[in-house]
Amino acid sequence: MEETPRSVGEASTNNFVVARPSAKTDDAVTMRGCGFGNFGVDREELRRRIVMPEYLRLAMRDCIKRKDSTAVPDHLVLPGAAAATEELAHHAPMVVFINPKSGGRHGPVLKERLQQLMSEEQVFDLTEVKPHEFVRYGLACLETVAAKGDECARECRERIRIMVAGGDGTVGWVLGCLGELHKEGKSHIPPVGVIPLGTGNDLSRSFNWGGAFPFAWRSAMKRTLHRATLGPVAKLDSWSIVVSMPSGEVVDPPYSLKPSEETALDQALDADKDVPPKAKSYEGVFYNYFSIGMDAQVAYGFHHLRNEKPYLAQGPVTNKIIYSSYSCTQGWFCTPCVSNPGLRGLRNIMKIHIKKANCSEWEEILIPKSVRSIVVLNLDNYGSGRHPWGNLKPNYLEKRGFVEAHCDDGLIEIFGLKQGWHASFVMAQIITAKHIAQAAAIRFELRGGDWKDAFLQMDGEPWKQPMKTDYSTFVEIKKVPFQSLMINGE
(Lines give C-alpha, C1' and ligand atoms only; values in the text may rest on other atoms or scores of the structure.)
Protein backbone atom coordinates (compact mmCIF):
# COMPACT_ATOMS: atom_id res chain seq x y z
CA MET A 1 0.00 0.00 0.00
CA GLU A 2 1.40 3.36 -0.95
CA GLU A 3 2.45 5.71 1.84
CA THR A 4 1.24 9.27 2.22
CA PRO A 5 3.55 11.69 0.39
CA ARG A 6 5.77 13.82 2.60
CA SER A 7 7.45 17.16 1.98
CA VAL A 8 11.17 17.58 1.43
CA GLY A 9 11.30 21.35 1.84
CA GLU A 10 13.17 23.29 -0.80
CA ALA A 11 14.13 20.20 -2.75
CA SER A 12 10.46 19.61 -3.52
CA THR A 13 9.97 22.75 -5.57
CA ASN A 14 10.44 20.78 -8.79
CA ASN A 15 6.87 19.51 -8.53
CA PHE A 16 8.24 16.51 -6.65
CA VAL A 17 5.95 14.25 -4.68
CA VAL A 18 7.81 12.42 -1.96
CA ALA A 19 6.70 8.87 -1.21
CA ARG A 20 8.18 5.72 0.19
CA PRO A 21 8.51 2.75 -2.17
CA SER A 22 5.41 0.62 -2.06
CA ALA A 23 5.55 -3.06 -1.14
CA LYS A 24 5.20 -5.26 -4.22
CA THR A 25 6.19 -8.74 -5.19
CA ASP A 26 9.66 -9.12 -6.64
CA ASP A 27 8.28 -10.29 -9.98
CA ALA A 28 5.98 -7.31 -10.29
CA VAL A 29 8.73 -4.88 -9.39
CA THR A 30 11.14 -6.50 -11.82
CA MET A 31 8.66 -6.39 -14.70
CA ARG A 32 7.66 -2.80 -14.01
CA GLY A 33 11.23 -1.78 -13.24
CA CYS A 34 12.54 -3.22 -16.48
CA GLY A 35 10.08 -1.13 -18.43
CA PHE A 36 7.48 -3.74 -19.29
CA GLY A 37 4.45 -1.49 -18.86
CA ASN A 38 1.17 -1.52 -20.69
CA PHE A 39 1.67 1.70 -22.61
CA GLY A 40 3.67 2.98 -25.56
CA VAL A 41 5.96 6.00 -25.49
CA ASP A 42 6.32 8.32 -28.46
CA ARG A 43 10.01 8.89 -29.13
CA GLU A 44 9.69 12.51 -30.20
CA GLU A 45 7.47 13.36 -27.24
CA LEU A 46 10.05 11.76 -24.94
CA ARG A 47 12.81 13.85 -26.49
CA ARG A 48 10.81 17.01 -25.95
CA ARG A 49 10.45 16.11 -22.29
CA ILE A 50 14.04 15.21 -21.43
CA VAL A 51 16.37 16.95 -23.90
CA MET A 52 17.85 20.26 -22.81
CA PRO A 53 18.21 23.21 -25.22
CA GLU A 54 21.30 22.80 -27.38
CA TYR A 55 23.10 25.91 -26.16
CA LEU A 56 22.94 24.67 -22.55
CA ARG A 57 24.09 21.19 -23.51
CA LEU A 58 27.09 22.62 -25.30
CA ALA A 59 27.88 25.00 -22.46
CA MET A 60 27.84 22.12 -19.96
CA ARG A 61 30.01 20.00 -22.22
CA ASP A 62 32.61 22.75 -22.58
CA CYS A 63 32.71 23.51 -18.85
CA ILE A 64 33.19 19.85 -17.96
CA LYS A 65 35.89 19.44 -20.59
CA ARG A 66 37.76 22.55 -19.37
CA LYS A 67 37.02 21.79 -15.70
CA ASP A 68 35.87 25.37 -15.25
CA SER A 69 32.22 26.17 -14.46
CA THR A 70 32.67 29.79 -15.57
CA ALA A 71 34.07 28.93 -19.02
CA VAL A 72 30.80 29.68 -20.81
CA PRO A 73 31.36 31.30 -24.23
CA ASP A 74 29.17 34.39 -24.69
CA HIS A 75 27.83 33.12 -28.00
CA LEU A 76 26.27 30.12 -26.17
CA VAL A 77 24.11 32.35 -23.97
CA LEU A 78 21.35 33.07 -26.44
CA PRO A 79 19.05 36.08 -26.27
CA GLY A 80 16.23 33.77 -27.32
CA ALA A 81 16.52 31.64 -24.17
CA ALA A 82 13.21 32.97 -22.84
CA ALA A 83 11.35 31.15 -25.61
CA ALA A 84 13.03 27.90 -24.62
CA THR A 85 11.95 28.49 -21.01
CA GLU A 86 8.32 28.40 -22.05
CA GLU A 87 8.85 25.02 -23.70
CA LEU A 88 10.33 23.63 -20.45
CA ALA A 89 7.20 24.33 -18.43
CA HIS A 90 6.18 20.65 -18.26
CA HIS A 91 9.53 19.05 -18.93
CA ALA A 92 12.04 17.10 -16.82
CA PRO A 93 15.56 17.65 -18.24
CA MET A 94 17.63 14.55 -17.67
CA VAL A 95 21.19 13.26 -17.81
CA VAL A 96 22.30 9.62 -17.71
CA PHE A 97 25.51 8.18 -16.27
CA ILE A 98 26.44 4.80 -17.68
CA ASN A 99 29.00 2.32 -16.41
CA PRO A 100 30.11 0.50 -19.59
CA LYS A 101 31.66 -2.30 -17.50
CA SER A 102 28.30 -3.27 -16.02
CA GLY A 103 25.46 -5.26 -17.53
CA GLY A 104 27.40 -8.17 -18.98
CA ARG A 105 29.21 -5.90 -21.45
CA HIS A 106 26.01 -4.34 -22.76
CA GLY A 107 27.29 -0.91 -21.73
CA PRO A 108 28.53 0.36 -25.14
CA VAL A 109 25.37 -0.57 -27.05
CA LEU A 110 23.17 0.81 -24.27
CA LYS A 111 25.13 4.06 -24.38
CA GLU A 112 24.48 4.32 -28.13
CA ARG A 113 20.77 3.67 -27.62
CA LEU A 114 20.51 6.34 -24.91
CA GLN A 115 22.26 8.87 -27.11
CA GLN A 116 19.69 8.17 -29.81
CA LEU A 117 16.81 8.74 -27.41
CA MET A 118 18.31 11.83 -25.77
CA SER A 119 21.36 13.70 -26.97
CA GLU A 120 25.04 12.86 -26.97
CA GLU A 121 25.87 15.64 -24.49
CA GLN A 122 23.41 14.33 -21.87
CA VAL A 123 24.81 10.78 -21.71
CA PHE A 124 28.00 10.48 -19.67
CA ASP A 125 30.35 7.51 -19.85
CA LEU A 126 31.77 7.09 -16.34
CA THR A 127 35.14 6.11 -17.76
CA GLU A 128 35.31 9.56 -19.36
CA VAL A 129 33.31 11.89 -17.08
CA LYS A 130 33.22 11.27 -13.34
CA PRO A 131 30.13 12.21 -11.28
CA HIS A 132 32.01 14.81 -9.24
CA GLU A 133 33.09 16.52 -12.47
CA PHE A 134 29.48 16.78 -13.57
CA VAL A 135 28.49 18.22 -10.18
CA ARG A 136 31.37 20.70 -9.97
CA TYR A 137 31.39 21.86 -13.56
CA GLY A 138 28.16 20.73 -15.29
CA LEU A 139 25.56 21.71 -12.70
CA ALA A 140 27.66 24.71 -11.70
CA CYS A 141 27.69 25.78 -15.37
CA LEU A 142 23.88 25.94 -15.35
CA GLU A 143 24.07 28.03 -12.17
CA THR A 144 26.58 30.37 -13.82
CA VAL A 145 24.35 30.89 -16.87
CA ALA A 146 21.27 31.30 -14.65
CA ALA A 147 23.08 33.97 -12.64
CA LYS A 148 23.37 36.00 -15.86
CA GLY A 149 19.57 36.16 -16.00
CA ASP A 150 18.94 33.09 -18.18
CA GLU A 151 15.59 31.69 -16.97
CA CYS A 152 15.92 28.58 -19.12
CA ALA A 153 19.18 27.64 -17.39
CA ARG A 154 17.55 28.24 -14.01
CA GLU A 155 14.58 26.00 -14.91
CA CYS A 156 16.90 23.25 -16.17
CA ARG A 157 19.02 23.40 -13.02
CA GLU A 158 15.98 23.19 -10.75
CA ARG A 159 14.19 20.44 -12.71
CA ILE A 160 17.09 18.23 -13.76
CA ARG A 161 16.93 14.52 -12.94
CA ILE A 162 19.66 11.89 -13.14
CA MET A 163 19.49 8.26 -14.24
CA VAL A 164 22.34 5.87 -13.47
CA ALA A 165 22.88 2.82 -15.68
CA GLY A 166 24.97 0.51 -13.53
CA GLY A 167 25.04 -1.53 -10.36
CA ASP A 168 24.40 -0.44 -6.79
CA GLY A 169 28.02 0.64 -6.38
CA THR A 170 27.74 2.99 -9.35
CA VAL A 171 24.52 4.47 -7.98
CA GLY A 172 26.19 5.01 -4.60
CA TRP A 173 29.11 6.75 -6.31
CA VAL A 174 26.76 9.24 -7.96
CA LEU A 175 24.76 9.79 -4.75
CA GLY A 176 27.98 10.45 -2.85
CA CYS A 177 29.04 13.14 -5.31
CA LEU A 178 25.60 14.77 -5.15
CA GLY A 179 26.02 14.82 -1.38
CA GLU A 180 28.57 17.60 -1.87
CA LEU A 181 25.68 19.86 -2.85
CA HIS A 182 24.09 19.25 0.56
CA LYS A 183 27.34 20.16 2.31
CA GLU A 184 27.48 23.41 0.32
CA GLY A 185 23.93 24.25 1.35
CA LYS A 186 22.59 24.07 -2.20
CA SER A 187 18.90 23.60 -2.88
CA HIS A 188 17.35 21.63 -5.76
CA ILE A 189 19.40 18.45 -5.35
CA PRO A 190 18.76 16.27 -8.44
CA PRO A 191 16.93 13.02 -7.64
CA VAL A 192 18.40 9.77 -8.98
CA GLY A 193 16.79 6.82 -10.76
CA VAL A 194 18.34 3.50 -11.79
CA ILE A 195 18.75 1.40 -14.92
CA PRO A 196 19.85 -1.87 -13.23
CA LEU A 197 23.01 -3.31 -14.75
CA GLY A 198 24.61 -4.85 -11.66
CA THR A 199 24.46 -8.30 -10.08
CA GLY A 200 22.31 -7.75 -6.99
CA ASN A 201 20.63 -4.42 -7.82
CA ASP A 202 19.10 -4.14 -4.36
CA LEU A 203 19.02 -0.35 -4.42
CA SER A 204 17.26 -0.53 -7.78
CA ARG A 205 14.73 -3.05 -6.44
CA SER A 206 14.05 -0.94 -3.36
CA PHE A 207 12.86 1.95 -5.52
CA ASN A 208 10.93 -0.15 -8.05
CA TRP A 209 13.38 -0.02 -10.96
CA GLY A 210 13.62 -3.80 -11.16
CA GLY A 211 16.33 -6.29 -10.44
CA ALA A 212 17.68 -7.16 -13.88
CA PHE A 213 18.70 -5.73 -17.22
CA PRO A 214 15.64 -6.25 -19.44
CA PHE A 215 15.78 -8.71 -22.32
CA ALA A 216 13.81 -6.37 -24.61
CA TRP A 217 15.97 -3.46 -23.51
CA ARG A 218 15.67 -1.31 -26.66
CA SER A 219 11.95 -0.72 -26.22
CA ALA A 220 12.24 -0.81 -22.43
CA MET A 221 14.63 2.15 -22.40
CA LYS A 222 11.96 4.51 -23.74
CA ARG A 223 9.49 3.49 -21.06
CA THR A 224 12.15 3.65 -18.36
CA LEU A 225 13.15 7.21 -19.26
CA HIS A 226 9.49 8.22 -19.53
CA ARG A 227 8.76 6.88 -16.05
CA ALA A 228 11.83 8.68 -14.73
CA THR A 229 10.31 12.01 -15.78
CA LEU A 230 7.10 11.32 -13.85
CA GLY A 231 8.17 9.25 -10.85
CA PRO A 232 7.69 10.67 -7.34
CA VAL A 233 10.78 11.36 -5.27
CA ALA A 234 11.58 9.28 -2.19
CA LYS A 235 14.14 9.87 0.53
CA LEU A 236 17.02 7.54 1.38
CA ASP A 237 19.15 7.55 4.53
CA SER A 238 22.89 7.37 4.02
CA TRP A 239 25.40 6.27 6.64
CA SER A 240 28.92 7.48 7.31
CA ILE A 241 31.53 4.97 8.37
CA VAL A 242 34.87 5.55 10.12
CA VAL A 243 37.45 2.76 10.32
CA SER A 244 40.19 3.50 12.87
CA MET A 245 43.11 1.08 13.20
CA PRO A 246 46.57 0.99 14.79
CA SER A 247 49.11 2.97 12.79
CA GLY A 248 51.42 0.83 10.70
CA GLU A 249 48.77 -1.65 9.63
CA VAL A 250 48.64 -2.27 5.89
CA VAL A 251 45.15 -2.36 4.42
CA ASP A 252 43.81 -2.15 0.89
CA PRO A 253 40.45 -0.45 1.41
CA PRO A 254 37.73 -0.26 -1.24
CA TYR A 255 37.32 2.76 -3.49
CA SER A 256 34.54 4.15 -1.35
CA LEU A 257 36.80 4.46 1.74
CA LYS A 258 39.19 7.42 1.76
CA PRO A 259 42.09 8.14 4.14
CA SER A 260 41.24 10.62 6.89
CA GLU A 261 43.75 12.76 8.75
CA GLU A 262 41.82 12.79 12.00
CA THR A 263 40.14 10.00 13.95
CA ALA A 264 36.51 11.12 14.19
CA LEU A 265 35.34 8.52 16.73
CA ASP A 266 32.63 9.46 19.20
CA GLN A 267 34.38 10.37 22.45
CA ALA A 268 31.27 9.67 24.52
CA LEU A 269 32.16 5.97 24.59
CA ASP A 270 35.10 5.31 26.89
CA ALA A 271 37.55 3.08 25.06
CA ASP A 272 40.86 4.77 26.01
CA LYS A 273 42.55 1.58 27.14
CA ASP A 274 41.93 -0.05 23.76
CA VAL A 275 42.71 2.91 21.48
CA PRO A 276 46.26 2.78 20.05
CA PRO A 277 48.56 5.76 20.75
CA LYS A 278 48.81 6.33 17.02
CA ALA A 279 45.99 5.44 14.66
CA LYS A 280 45.11 5.89 11.04
CA SER A 281 41.58 6.24 9.79
CA TYR A 282 39.45 5.83 6.69
CA GLU A 283 36.05 7.39 6.08
CA GLY A 284 33.25 6.65 3.64
CA VAL A 285 29.50 6.49 3.10
CA PHE A 286 27.24 3.54 2.35
CA TYR A 287 23.61 3.29 1.25
CA ASN A 288 22.80 -0.43 1.17
CA TYR A 289 24.63 -2.43 3.80
CA PHE A 290 27.83 -3.04 5.75
CA SER A 291 28.88 -6.50 6.92
CA ILE A 292 31.59 -8.30 8.86
CA GLY A 293 32.36 -12.01 8.71
CA MET A 294 31.98 -14.97 6.43
CA ASP A 295 29.78 -13.31 3.80
CA ALA A 296 32.44 -10.60 3.39
CA GLN A 297 35.14 -13.27 3.21
CA VAL A 298 33.29 -15.06 0.41
CA ALA A 299 32.78 -11.75 -1.41
CA TYR A 300 36.48 -10.93 -1.00
CA GLY A 301 37.55 -14.25 -2.52
CA PHE A 302 35.01 -13.96 -5.32
CA HIS A 303 36.19 -10.47 -6.28
CA HIS A 304 39.80 -11.62 -6.39
CA LEU A 305 38.84 -14.65 -8.47
CA ARG A 306 36.95 -12.43 -10.91
CA ASN A 307 39.87 -9.98 -11.17
CA GLU A 308 42.30 -12.81 -11.86
CA LYS A 309 39.95 -14.43 -14.40
CA PRO A 310 37.84 -11.62 -15.90
CA TYR A 311 36.46 -13.93 -18.59
CA LEU A 312 34.26 -15.43 -15.86
CA ALA A 313 32.33 -12.16 -15.52
CA GLN A 314 29.84 -12.66 -18.32
CA GLY A 315 26.81 -11.12 -16.60
CA PRO A 316 24.68 -11.15 -13.45
CA VAL A 317 23.44 -14.75 -13.81
CA THR A 318 26.95 -16.14 -14.33
CA ASN A 319 28.24 -14.08 -11.42
CA LYS A 320 25.57 -15.46 -9.08
CA ILE A 321 26.32 -19.06 -10.07
CA ILE A 322 30.07 -18.59 -9.53
CA TYR A 323 29.47 -16.72 -6.26
CA SER A 324 27.23 -19.49 -4.89
CA SER A 325 29.71 -22.18 -5.91
CA TYR A 326 32.61 -20.26 -4.41
CA SER A 327 30.84 -19.86 -1.05
CA CYS A 328 30.64 -23.65 -0.74
CA THR A 329 34.46 -23.89 -0.83
CA GLN A 330 35.06 -21.42 2.02
CA GLY A 331 33.98 -23.56 4.97
CA TRP A 332 30.71 -21.84 5.71
CA PHE A 333 28.73 -25.09 5.42
CA CYS A 334 30.90 -27.37 7.56
CA THR A 335 32.11 -25.26 10.48
CA PRO A 336 30.84 -27.49 13.36
CA CYS A 337 33.42 -30.13 12.41
CA VAL A 338 36.49 -27.91 12.07
CA SER A 339 38.83 -26.34 14.63
CA ASN A 340 40.07 -23.41 12.58
CA PRO A 341 39.40 -20.30 14.74
CA GLY A 342 38.78 -18.32 11.57
CA LEU A 343 35.60 -20.33 11.13
CA ARG A 344 34.12 -19.69 14.58
CA GLY A 345 31.60 -17.14 15.78
CA LEU A 346 32.28 -13.41 15.68
CA ARG A 347 31.81 -12.90 19.42
CA ASN A 348 35.42 -14.15 19.84
CA ILE A 349 36.81 -11.02 18.22
CA MET A 350 34.12 -8.38 18.44
CA LYS A 351 32.07 -6.13 20.70
CA ILE A 352 29.10 -4.09 19.53
CA HIS A 353 27.84 -0.85 21.08
CA ILE A 354 24.79 0.98 19.74
CA LYS A 355 22.81 4.15 20.28
CA LYS A 356 19.08 3.69 20.05
CA ALA A 357 16.70 6.25 18.55
CA ASN A 358 16.54 9.53 20.47
CA CYS A 359 19.17 8.31 22.92
CA SER A 360 22.61 9.82 23.50
CA GLU A 361 24.03 6.92 25.55
CA TRP A 362 25.94 3.97 24.12
CA GLU A 363 24.96 0.49 25.25
CA GLU A 364 26.64 -2.82 24.59
CA ILE A 365 24.63 -5.59 22.97
CA LEU A 366 25.45 -9.28 23.05
CA ILE A 367 26.41 -11.15 19.92
CA PRO A 368 24.81 -14.61 19.65
CA LYS A 369 27.66 -17.13 19.84
CA SER A 370 26.61 -18.96 16.68
CA VAL A 371 26.63 -15.87 14.44
CA ARG A 372 29.42 -15.84 11.87
CA SER A 373 28.31 -12.89 9.79
CA ILE A 374 26.80 -9.62 10.98
CA VAL A 375 24.98 -7.39 8.49
CA VAL A 376 23.98 -3.77 9.02
CA LEU A 377 21.14 -3.15 6.56
CA ASN A 378 19.67 0.16 5.40
CA LEU A 379 17.34 -1.17 2.70
CA ASP A 380 14.52 -3.69 2.66
CA ASN A 381 16.35 -5.67 -0.04
CA TYR A 382 19.56 -7.64 0.39
CA GLY A 383 21.33 -10.33 -1.64
CA SER A 384 19.45 -9.81 -4.93
CA GLY A 385 16.02 -8.97 -3.60
CA ARG A 386 15.83 -11.07 -0.45
CA HIS A 387 14.25 -9.73 2.74
CA PRO A 388 16.32 -11.17 5.61
CA TRP A 389 14.85 -8.83 8.25
CA GLY A 390 11.40 -10.09 7.31
CA ASN A 391 7.93 -8.63 7.58
CA LEU A 392 7.68 -8.63 11.35
CA LYS A 393 4.36 -8.73 13.18
CA PRO A 394 3.36 -5.84 15.49
CA ASN A 395 3.49 -8.04 18.62
CA TYR A 396 7.06 -9.10 17.86
CA LEU A 397 8.12 -5.52 17.10
CA GLU A 398 6.71 -4.34 20.42
CA LYS A 399 8.29 -7.22 22.35
CA ARG A 400 11.76 -6.51 20.91
CA GLY A 401 11.44 -2.73 21.07
CA PHE A 402 11.68 -2.47 17.26
CA VAL A 403 9.73 -0.33 14.82
CA GLU A 404 8.77 -1.13 11.24
CA ALA A 405 11.88 -0.79 9.09
CA HIS A 406 12.11 1.85 6.36
CA CYS A 407 15.05 3.23 4.41
CA ASP A 408 14.30 6.81 5.51
CA ASP A 409 13.54 6.36 9.23
CA GLY A 410 16.96 7.26 10.64
CA LEU A 411 17.46 3.70 11.92
CA ILE A 412 19.47 0.81 10.62
CA GLU A 413 18.82 -2.90 11.17
CA ILE A 414 21.48 -5.31 12.52
CA PHE A 415 21.07 -9.04 11.96
CA GLY A 416 23.22 -12.13 12.03
CA LEU A 417 23.76 -15.16 9.83
CA LYS A 418 24.97 -18.45 11.27
CA GLN A 419 26.51 -21.26 9.23
CA GLY A 420 25.92 -21.56 5.49
CA TRP A 421 22.77 -23.64 5.86
CA HIS A 422 21.15 -20.96 7.99
CA ALA A 423 22.17 -18.29 5.49
CA SER A 424 20.75 -20.41 2.65
CA PHE A 425 17.36 -20.71 4.37
CA VAL A 426 17.36 -16.96 5.04
CA MET A 427 18.17 -16.21 1.39
CA ALA A 428 15.42 -18.62 0.32
CA GLN A 429 13.13 -16.62 2.65
CA ILE A 430 12.08 -19.76 4.50
CA ILE A 431 13.18 -18.16 7.77
CA THR A 432 14.32 -14.71 8.84
CA ALA A 433 17.81 -13.80 9.94
CA LYS A 434 18.88 -13.58 13.59
CA HIS A 435 17.57 -10.18 14.69
CA ILE A 436 20.11 -8.35 16.84
CA ALA A 437 19.12 -4.67 17.08
CA GLN A 438 17.85 -1.49 15.45
CA ALA A 439 20.15 1.48 15.98
CA ALA A 440 20.76 5.14 15.20
CA ALA A 441 24.54 4.65 15.56
CA ILE A 442 26.84 1.62 15.88
CA ARG A 443 30.40 0.98 16.99
CA PHE A 444 32.18 -2.32 16.31
CA GLU A 445 35.35 -3.06 18.24
CA LEU A 446 37.58 -5.73 16.68
CA ARG A 447 40.48 -7.37 18.53
CA GLY A 448 42.79 -10.07 17.19
CA GLY A 449 44.16 -13.20 18.85
CA ASP A 450 43.81 -16.49 17.02
CA TRP A 451 42.30 -14.35 14.27
CA LYS A 452 44.85 -12.34 12.28
CA ASP A 453 42.39 -10.73 9.88
CA ALA A 454 38.72 -9.92 9.65
CA PHE A 455 36.77 -9.53 6.42
CA LEU A 456 34.51 -6.54 5.92
CA GLN A 457 32.41 -5.24 3.04
CA MET A 458 30.44 -2.12 2.29
CA ASP A 459 27.86 -1.98 -0.51
CA GLY A 460 29.47 -4.98 -2.18
CA GLU A 461 33.07 -3.78 -1.89
CA PRO A 462 35.00 -6.23 0.34
CA TRP A 463 38.39 -5.86 2.00
CA LYS A 464 40.66 -7.71 4.44
CA GLN A 465 41.10 -5.89 7.74
CA PRO A 466 44.24 -6.79 9.79
CA MET A 467 43.81 -6.97 13.57
CA LYS A 468 46.17 -6.51 16.51
CA THR A 469 46.12 -8.30 19.86
CA ASP A 470 47.34 -5.24 21.79
CA TYR A 471 44.94 -2.61 20.46
CA SER A 472 41.47 -2.58 18.95
CA THR A 473 40.30 -1.62 15.49
CA PHE A 474 37.09 0.41 15.56
CA VAL A 475 34.34 0.72 12.97
CA GLU A 476 31.82 3.44 13.75
CA ILE A 477 28.62 4.03 11.78
CA LYS A 478 26.44 7.14 12.06
CA LYS A 479 23.66 8.63 9.99
CA VAL A 480 24.62 11.36 7.53
CA PRO A 481 22.74 14.58 8.47
CA PHE A 482 21.04 14.85 5.07
CA GLN A 483 19.10 12.34 2.98
CA SER A 484 19.59 11.41 -0.64
CA LEU A 485 16.76 11.78 -3.13
CA MET A 486 15.71 8.83 -5.28
CA ILE A 487 13.19 8.66 -8.12
CA ASN A 488 10.63 5.99 -7.39
CA GLY A 489 10.18 3.92 -10.54
CA GLU A 490 6.60 2.99 -9.71
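Keep in mind that the numbers below use all heavy atoms, side chains included, and drop hydrogens, waters and symmetry copies.
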Which atom pair, heavy atoms only, marks the closest approach of [X] to [Y]?
X	Y	value
P253	Y282	CG-CE2, 3.5 Å
A440	W239	O-CZ3, 3.4 Å
V145	L56	CG1-CD2, 4.1 Å
M486	P191	C-CB, 4.4 Å
P93	M52	CB-CG, 3.7 Å
K186	I189	O-CD1, 3.5 Å

Counting only heavy atoms from other residues, nucleotides and ligands, does the tally under 6.0 Å from [atom1] of [X] exceed 12?
X	atom1	answer
K356	NZ	no
K258	NZ	yes
E361	CD	no

For a 4.5 angstrom cut-off between non-hydrogen side-chain atoms, does [X] reach [Y]?
X	Y	value
R161	P190	no
I195	M221	yes
N381	R386	no
F415	I374	no
F97	I162	yes
V123	V95	no
L139	L181	yes
P100	D125	yes

To the closest 0.5 Å, what do you measure between [atom1] ([X]) and [atom2] ([Y])?
X	Y	atom1	atom2	value
T170	N99	OG1	CG	4.0 Å
T229	E45	OG1	CD	9.0 Å
E143	R154	CD	CZ	12.5 Å
K111	T127	NZ	OG1	6.5 Å
L411	I354	CG	CD1	9.5 Å
Y300	Q465	OH	CD	11.0 Å

Any donor-acceptor N/O pair, [X] side chain to [Y] backbone, under 3.5 Å:
X	Y	value
D150	A153	yes
S240	K478	yes
R157	H188	yes
D459	Y287	yes
R443	H353	no
D409	H406	yes
Q122	I50	yes
D202	S384	yes
Y289	G460	yes

For this session: Decide, yes or no, whether a salt bridge links E133 with K130 under the criterion of side-chain N to carboxylate O below 4.0 Å.
Result: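 Salt bridge absent between E133 and K130.
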
Problem set entry | Salt-bridge present (K351, E364; N to O < 4.0 Å) |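 Salt bridge: no.
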
Problem set entry | Audit row: E120, Q115, side chain to side chain donor-acceptor pair (under 3.5 Å) steps and yes/no | CA-CA 5 Å; E120 184 176 340; Q115 288 176 337; 4.9 Å; no

Exercise. Applying salt bridge (charged side-chain N to carboxylate O under 4.0 Å, His left out), which residue pairs with at least one partner in residues 164-180 are found, sequence neighbours left out?
Worked result: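 Applying salt bridge (charged side-chain N to carboxylate O under 4.0 Å, His left out) to every pair that reaches into residues 164-180, excluding sequence neighbours, yields E180-K183.
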
For this session: Applying side-chain contact (heavy atoms from CB on, under 4.5 Å), run through V375 and Y382 and close with a yes or a no.
Result: CA-CA 10 Å; V375 180; Y382 171 80; 3.8 Å; yes

Problem set entry | Test side-chain contact (heavy atoms from CB on, under 4.5 Å) applied to L236 and L175, step by step | CA-CA 10 Å; L236 171 68; L175 290 175; 4.0 Å; yes

Qualifying residues under side chain to side chain donor-acceptor pair (under 3.5 Å), relative to [X], sequence neighbours excluded:
X	result
R136	none
S291	D295, Q457
T144	none

For this session: Please identify each residue that fulfils side chain to side chain contact (heavy atoms under 4.5 Å, CB included) with H435, with sequence neighbours left out.
Result: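 Counting only residues at least two positions away or on another chain, H435 forms a side chain to side chain contact (heavy atoms under 4.5 Å, CB included) with W389, L392, Y396, R400, F402, T432.
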
Problem set entry | Which residues share a side chain to side chain contact (heavy atoms under 4.5 Å, CB included) with A228, sequence neighbours left out |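 A228 satisfies side chain to side chain contact (heavy atoms under 4.5 Å, CB included) with M94, M163, W209 only.
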
Exercise. Ring centroid separation for F474 and F444, is it under 6.0 angstrom?
Worked result: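 So the answer is no for these two rings.
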
Problem set entry | V164 vs V192, side-chain contact (heavy atoms from CB on, under 4.5 Å): CA-CA, chis, key distance, verdict | CA-CA 7 Å; V164 180; V192 175; 3.7 Å; yes

Problem set entry | F482 and H182 aromatic ring geometry - parallel, tilted or perpendicular at 30°/60° bounds |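 Taking F482 first and then H182, their aromatic rings lie parallel (interplane angle under 30°).
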
For this session: Begin from the C-alpha positions of I365 and I436 and carry the test side-chain contact (heavy atoms from CB on, under 4.5 Å) through to its verdict.
Result: CA-CA 8 Å; I365 57 174; I436 296 177; 3.6 Å; yes

For this session: Would you please test F124 and F134 for ring pair (Phe, Tyr, Trp, His ring centres under 6.0 Å) and show each step?
Result: CA-CA 9 Å; F124 297 102; F134 169 77; 5.4 Å; yes

